[in-house]
Participant: 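Below: one structure in structure tokens.
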Amino acid sequence: MFPEEADPQTDDSSFHGGRIRSFKHEKGNWATYVYLPYHSDEEFVELLEELLSAARAHGVVLNQQEEFHLSLSQTVVLRYHWIQPFIQSLRAGLARCKKFACSAGKLKVYCNAERTRTFLGMEVSTGHAQCLDLIRIVDKTMTEFRLDTFYKDPSFHVSLAWCVGDVTEQMNEFLQELQSLVDDHEDGPFLLRLDCDELCCRTGNKTFTFLLEP
């Protein structure tokens with residue numbers, strides 16, 4: 001079903017904006033992560049353009065995320081023959097989970113553990129408890145496969161944009177200016193609303209979707 005010859009990933013950084021892989025890529029290894037997707041609207045896109053423009057004025061060139069989501073796992077490595085049982089385990093754990101809503105409106109700067117990438121994110125303000133419930137289920141599957149579980153005391157967020165390197169200190173110097181763009185948006189403070197009615201697992205170039213119950 002998932003031939004080992006299939007190799008959807010590459011180590012050539014030119015294919016992914018100069019980003020540095022957190023783990024060595026080997027044939028048959030599939031980078032895998034679990035997340036709640038966010039489907040952006042026109043208002044969000046316009047605000048994001050304003051934020052990126054303001055960051056550029058301070059000398060920080062941010063790249064817009066190709067997709068927007070709320071992470072529910074670290075990125076882990078699955079062998080190709082683990083994919084099907086891994087997905088089956090997730091599906092069983094999520095079988096009775098109900099959909100819910102999240103909202104976010106506070107900007108925050110994040111940096112990955114390797115200090116190779118900096119992110120501008122929007123931190124979740126409601127829906128935190130439900131996200132923790134999902135983390136417990138995802139972590140159980142990760143533990144079954146002896147993979148890293150999620151961070152302790154996580155800051156749930158939707159990443160908006162990123163750049164190479166650690167510019168956390170520089171970005172925090174003008175973060176309040178960016179936040180004012182969010183708070184003083186055209187029709188009042190912008191609030192990112194995440195309708196959490198499905199959970200996804202991306203492994204290599206394949207995406208598996210799990211619908212949450214009404």
Side-chain angles (χ1 to χ4, degrees), residues 12-23 31 33-75 101-132 134-135 148 150-196 200 202:
D12 187 345
S13 63
S14 65
F15 284 101
H16 37 87
R19 290 171 288 178
I20 300 171
R21 188 181 297 281
S22 299
F23 50 85
Y33 58 97
V34 181
Y35 62 95
L36 293 165
Y38 171 64
H39 305 290
S40 60
D41 56 20
E42 185 177 349
E43 183 184 13
F44 171 82
V45 172
E46 289 176 356
L47 173 61
L48 182 52
E49 289 175 353
E50 293 177 18
L51 293 172
L52 299 190
S53 178
R56 280 195 300 272
H58 288 275
V60 176
V61 179
L62 295 172
N63 304 284
Q64 179 178 312
Q65 291 287 130
E66 294 178 4
E67 64 174 18
F68 304 100
H69 65 260
L70 188 157
S71 294
L72 294 174
S73 78
Q74 297 194 56
T75 298
C102 277
S103 61
K106 181 181 178 182
L107 295 176
K108 190 170 180 178
V109 179
Y110 298 87
C111 192
N112 65 351
E114 298 80 16
R115 319 304 290 183
T116 56
R117 272 187 286 168
T118 304
F119 300 86
L120 177 65
M122 195 167 275
E123 190 176 24
V124 163
S125 55
T126 63
H128 193 275
Q130 293 93 328
C131 288
L132 284 175
L134 292 178
I135 291 293
D148 289 338
F150 205 48
Y151 310 103
K152 292 183 178 180
D153 302 319
S155 170
F156 294 114
H157 64 279
V158 175
S159 290
L160 311 180
W162 63 274
C163 67
V164 173
D166 181 2
V167 296
T168 307
E169 187 175 345
Q170 183 179 354
M171 286 189 62
N172 277 326
E173 290 178 357
F174 60 86
L175 185 63
Q176 190 53 50
E177 178 185 330
L178 300 185
Q179 184 65 52
S180 68
L181 293 174
V182 176
D183 296 339
D184 301 330
H185 202 55
E186 295 174 0
D187 299 319
F190 176 85
L191 195 64
L192 185 154
R193 293 180 175 82
L194 193 68
D195 294 321
C196 307
C200 297
R202 173 78 53 81

Participant: If you look at every heavy atom in L175 and K108, which pair is closest and at what distance?
Facilitator: CD2-CA, 4.3 Å
Participant: May I ask you to check whether over 12 heavy atoms, not counting those of R193, lie within 6.0 Å of atom CZ?
Facilitator: no
Participant: Measuring from atom CG of L36 to atom CG of L72, what distance do you get when rounded to the nearest 0.5 angstrom?
Facilitator: 4.5 Å
Participant: Contact between L134 and V34 at the side-chain level, heavy atoms closer than 4.5 Å - yes or no?
Facilitator: no
Participant: Under 4.5 Å between any side-chain heavy atoms of V124 and L194, yes or no?
Facilitator: no
Participant: Within a strict 4.5 Å, meaning less than it, do heavy atoms of the V182 and L178 side chains meet?
Facilitator: no
Participant: Are H157 and F119 near enough that their ring centres are under 6.0 Å apart?
Facilitator: no
Participant: Given 3.5 Å as the limit, does a donor-acceptor pair link the side chain of T126 with the main chain of S103, or not?
Facilitator: yes
Participant: Which pair of non-hydrogen atoms, one from H58 and one from A54, has the smallest distance, and what is that distance?
Facilitator: CD2-O, 3.2 Å
Participant: Check whether any side-chain heavy atom of F68 lies under 4.5 Å from a side-chain heavy atom of L48, and answer yes or no.
Facilitator: yes
Participant: Counting N and O atoms only, with roles assigned by atom type, does the side chain of Q64 sit under 3.5 Å from a partner on the main chain of V45, one being a donor and the other an acceptor?
Facilitator: no
Participant: Rounded to the nearest 0.5 Å, what's the gap from CD1 on I135 to NZ on K152? Could you check?
Facilitator: 14.5 Å
Participant: Taking C-beta and beyond as the side chain, do T168 and R115 meet within less than 4.5 Å on heavy atoms?
Facilitator: yes
Participant: Quick check for you: to the nearest 0.5 Å, what is the distance between Y35 atom OH and S71 atom OG?
Facilitator: 10.0 Å
Participant: Please find the pair of heavy atoms, one from Y33 and one from S73, that lie closest to each other, and give the distance.
Facilitator: CA-OG, 3.4 Å
Participant: So do the side chains of L120 and L52 get within less than 4.5 Å of each other, counting heavy atoms only?
Facilitator: no
Participant: Does N63 reach the main-chain N or O of C163 with its side chain, forming a donor-acceptor pair under 3.5 Å?
Facilitator: no
Participant: Minimum heavy-atom separation for F150 to P154, with atom names?
Facilitator: CE2-CB, 3.5 Å
Participant: Drop me the distance from H128's NE2 to F156's CZ, to the nearest 0.5 angstrom.
Facilitator: 5.0 Å
Participant: If you look at every heavy atom in E50 and L181, which pair is closest and at what distance?
Facilitator: O-CD1, 3.8 Å
Participant: So do the side chains of L160 and F44 get within less than 4.5 Å of each other, counting heavy atoms only?
Facilitator: yes
Participant: Side-chain contact, heavy-atom cut-off 4.5 Å: L62 with M171?
Facilitator: yes
Participant: Are E123 and S155 linked by a side-chain donor-acceptor pair shorter than 3.5 Å?
Facilitator: yes
Participant: Would you give the length of the straight line joining atom CG of N112 to atom CD of Q74, rounded to the nearest 0.5 angstrom?
Facilitator: 11.0 Å
Participant: Considering the options C131, S159, C196, which one meets the side-chain contact (heavy atoms from CB on, under 4.5 Å) requirement together with L70?
Facilitator: C131
Participant: First locate atom CD of E114, then atom SG of C111, and finally report the distance between them rounded to the nearest 0.5 Å.
Facilitator: 9.0 Å
